[in-house]
There are 2 protein chains.
Amino acid sequence: MATGRTHRPATRSRGIPEATVARLPLYLRALTALSERSVPTVSSEELASAAGVNSAKLRKDFSYLGSYGTRGVGYDVEYLVYQISRELGLTQDWPVVIVGIGNLGAALANYGGFASRGFRVAALIDADPAMSGKPVAGIAVQHADELEKIISDNGVSIGVIATPAGSAQQVCERLVAAGVTSILNFAPTVLTVPDGVDVRKVDLSIELQILAFHEQRKAGEEAPPEEETAPPVAPPAATVKKRTDPGSDGDVPAVMPA
Amino acid sequence: MATGRTHRPATRSRGIPEATVARLPLYLRALTALSERSVPTVSSEELASAAGVNSAKLRKDFSYLGSYGTRGVGYDVEYLVYQISRELGLTQDWPVVIVGIGNLGAALANYGGFASRGFRVAALIDADPAMSGKPVAGIAVQHADELEKIISDNGVSIGVIATPAGSAQQVCERLVAAGVTSILNFAPTVLTVPDGVDVRKVDLSIELQILAFHEQRKAGEEAPPEEETAPPVAPPAATVKKRTDPGSDGDVPAVMPA
DNA sequence: CCATCTTTGTGCACGCGTTCACAAAGGCAT
DNA sequence: ATGCCTTTGTGAACGCGTGCACAAAGATGG
Ligand SMILES: NC(=O)c1ccc[n+]([C@@H]2O[C@H](COP(=O)([O-])OP(=O)(O)OC[C@H]3O[C@@H](n4cnc5c(N)ncnc54)[C@H](O)[C@@H]3O)[C@@H](O)[C@H]2O)c1
Ligand SMILES: NC(=O)c1ccc[n+]([C@@H]2O[C@H](COP(=O)([O-])OP(=O)(O)OC[C@H]3O[C@@H](n4cnc5c(N)ncnc54)[C@H](O)[C@@H]3O)[C@@H](O)[C@H]2O)c1
């Protein structure tokens, strides 16, 4: 999961587990594809396969929404699309602002899949005066001074942060003060927000590091004893550390205990 | 989480829980910031706060790595940076290819945080002949025909997919066949890969939908009885559905049982 | 109307992850 | 050297998520 909620004691919202909520968009995507091919019904097995999950999990997920589906037949595609859309709140329009129209922000603004699901880019905001008025993806960039007014005028409750990390917390606070209660953060920083505000983050660097970990592990399994480069840092602090795990002793650790 | 592994029975790699691995980059980022400020040691409480997690969780996470840290004092920042880097496999260089140099791919190529942690963009690959040779972020884009040769020549094991959804599976298969064993997928599709290949996905649309869900829930709590727009789809399939949950009956569902 | 066959919905058990709470460890002052 | 004070490392309890396996539901054919 490139994803991750921040804070909030994992309250099961309205009885629907968080893990299930996170999968509903996957089901919806698969169902939309079926719908476009005019497939009338689909079994849990087929749909699960299309969404890349276990069929038992899918059935359990749907059971939290209600008892849609017909035994011996499956699920009515159109009906299920509607039910999930409604559950996710996609039957209404969500105006979204993007703050920080640099490389990433511009790419996001140009992203078609944005509008495809009820999300409407209400404004693009940047602090650079040179950007003001410049059209990106057909929308004129507005200056950060206007942020509060834009949020308020458009009733925006979802904000996307694509500024440098150093500005992210400050932008976040302004967004929240102006009324935004959900934030999608692309900047590599931990955002601190008041209760009642949801933050989700997307961090490319973290994803790559997780992949690197597994990659190293795969490589280490087939070629166990390899020499490590010189130890770039000194041992702990004052006294020399005595390691608890046997085998490697303190300073220059072997690549992996395998 | 914008993130999510695909397949693989959640094998605890080398005893380090997957959830812990996903947090190590967070700790590393916080530690790097401390290191730049020349802070010598840090307590679990401080570091946890900087990383946005619980201090008990942090200590347990570190306990999987070994017994670094000094009771009564805390952790040596430099030493811990090295240990986590080593654990994540960041002491070595990871050549990465990006496939699909459109809006997003170009933004990724321009992303500085890429190289900052041992990840080196080995090549940019696109199928559009018009892109070939064009420099993006100082690197000439290469044609997709060269994909296999590039992977092989550079020993690339990590690939980033930023093509349209329709091409993603095909690109994925070529990457895997050429020797890539870790994939970061930005296309909104479920990728099917053989065992031994790790896939992580980043999906903006899914993140927004999850936020919308919670946003709707927040809004629904303060204004319970609101009228829904007309039911856009017909009831289930053949016979009229009898809903199991009481209150709303079948067809036009009330907004929320609250 | 009845039998059969398919597929849902879910009770249950298990394992992972989180959190609490505390004993052990070590620095530091006296 | 001794005692105090801080902070780690972890045992244990708990809760959530996952997957199995099956009974119930309903469609379909005769
Ligand atoms: N480019 C990527 O692929 C990528 C990937 C992962 C993460 N990120 C992160 O996303 C963020 C943006 O990346 P980028 O490559 O687009 O950077 P960028 O420098 O190209 O763009 C940043 C933009 O934010 C604007 N900005 C700065 N401070 C602001 C403020 N206070 N209010 C409003 N706007 C402000 C700047 O004027 C600039 O246009 C960074 O935090 C980066 O680490 C980028
Ligand atoms: N732009 C965003 O912010 C954003 C956000 C989330 C997800 N995505 C997803 O990321 C992907 C890329 O988005 P984008 O906006 O950059 O699209 P884009 O159309 O701008 O770029 C796609 C690029 O991929 C290339 N391509 C197509 N088929 C290829 C193939 N078989 N091999 C190699 N290259 C190929 C095209 O030539 C093009 O340059 C899409 O799947 C999109 O849904 C984009």
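Just so we're on the same page: letters track the sequence lines, and every chain starts at 1. In this text the structure is predicted, and so the values were computed from the model without any measurement.
Between B:Tyr64 atom OH and C:dG17 atom C1' the separation is 8 Å, expressed in whole Å. Protein atom CG of A:Leu47 is 14 Å distant from nucleotide atom C1' of C:dT7, rounded to whole Å. Rounded to a whole Å, the CG atom of A:Asp76 is 13 Å from the P atom of D:dA27. Summarising the geometry, the separation between CG on A:Asn54 and P on C:dT10 is reported as 17 Å, rounded to the nearest angstrom. Atom OH in B:Tyr75 sits about 16 Å away from atom P in C:dA25, given to the nearest Å.
Note on B:Ser44: a side-chain N or O is less than 4.0 Å away from OP1 or OP2 of D:dT8. Note on A:Ser43: every side-chain N or O is 4.0 Å or more away from OP1 and OP2 of C:dT7. Within the 4.0 Å cut-off from OP1 or OP2 of D:dG26, not a single side-chain nitrogen or oxygen of A:Thr70 is found.
Near DNA chain C, meaning a heavy atom under 4.0 Å away, the residues from residues 56-63 of chain A are A:Arg59, A:Lys60, A:Ser63.
Evaluation of the side-chain contact (heavy atoms from CB on, under 4.5 Å) rule for A:Ser63 yields A:Lys60 as partners, not counting sequence neighbours. Every residue two or more places apart in sequence or in another chain was checked for a side-chain contact (heavy atoms from CB on, under 4.5 Å) with A:Ala33, and none qualifies. In this structure, the side-chain contact (heavy atoms from CB on, under 4.5 Å) partners of B:Ser55, at least two apart in sequence or on a different chain, are B:Ser44, B:Glu45, B:Ala48, B:Arg59. For the side-chain contact (heavy atoms from CB on, under 4.5 Å) test, residues two or more places apart in sequence or in another chain that qualify with B:Glu173 are B:Gln169.
Considering only side-chain atoms of B:Pro17, the nucleotide from C:dG27, C:dG17, D:dT8 that sits closest is C:dG17. The listed nucleotides are C:dA23, D:dA27, D:dG17; the one nearest the side chain of B:Arg71 is C:dA23.
Annotation: ring pair (Phe, Tyr, Trp, His ring centres under 6.0 Å) contacts involving residues 180-211 of chain B, sequence neighbours excluded, are absent.
Under the 3.5 Å distance criterion, the side-chain polar atoms of A:Asn185 are matched with a main-chain donor or acceptor of A:Thr189.
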